[in-house]
Amino acid sequence: MRWKWRQTAVGPGRPALPGETVALIQRLARENPTWGYVRIQGELRRLGHRVAAAKIRRVLRRSGLPPAPQRCPCRKYHLSRSRCIAGTR
C-alpha cells in the first residue's frame with residue numbers, strides 16, 4: 001500500500017502587503033524625496049503600519065522609484081553647496 005501525504009495548498013512565503021500600504025509608501029516617497037527608507041518606516045509606524053525598511057526598499061524598487069539621494073530634485077544644488085563649503089570647488 002502506498003501512502004500519500006496530503007497537505008493543504010498554501011502559497012510560499014509571507015503574505016503580500018495590502019494595496020493601501022503600498023500606495024502609502026509610494027505616496028510618502030514621492031511627496032518627500034529626501035526621506036530614506038528608515039524615515040518612511042518611522043512615519044508608517046507613527047500611522048500604525050509596521051513595515052520593515054527592506055520591504056519599503058523592495059516596494060520602491062518595483063515601483064521604479066530610486067533611493068532618496070537620487071530622488072531629490074535639488075541634488076546637484078546640495079552637492080555643489082557642500083563642495084563650496086568644504087573648499088574643494
Could you measure the distance from the [atom1] atom of [X] to the [atom2] atom of [Y]? Nearest 0.5 Å is fine.
X: Arg27; Y: Ile40; atom1: CZ; atom2: CD1; value: 13.0 Å
X: Gln41; Y: Ile25; atom1: CD; atom2: CD1; value: 10.0 Å
X: Lys55; Y: Leu17; atom1: NZ; atom2: CG; value: 5.0 Å
X: Leu65; Y: Gln26; atom1: CG; atom2: CD; value: 6.5 Å
X: Ile56; Y: Leu28; atom1: CD1; atom2: CG; value: 8.5 Å

Could you check whether any side-chain heavy atom of Val59 comes within less than 4.5 Å of a side-chain heavy atom of Val51, counting everything from C-beta outward?
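Side-chain contact under 4.5 Å: no.
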Considering non-hydrogen atoms only, spot the tightest contact between Tyr37 and Ala53 and give its length.
CB-O, 4.0 Å
Given the rule that I, L, V, M, F, W and Y join up when any side-chain heavy atoms are under 4.5 Å apart, are Leu60 and Leu47 in one cluster?
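Yes.
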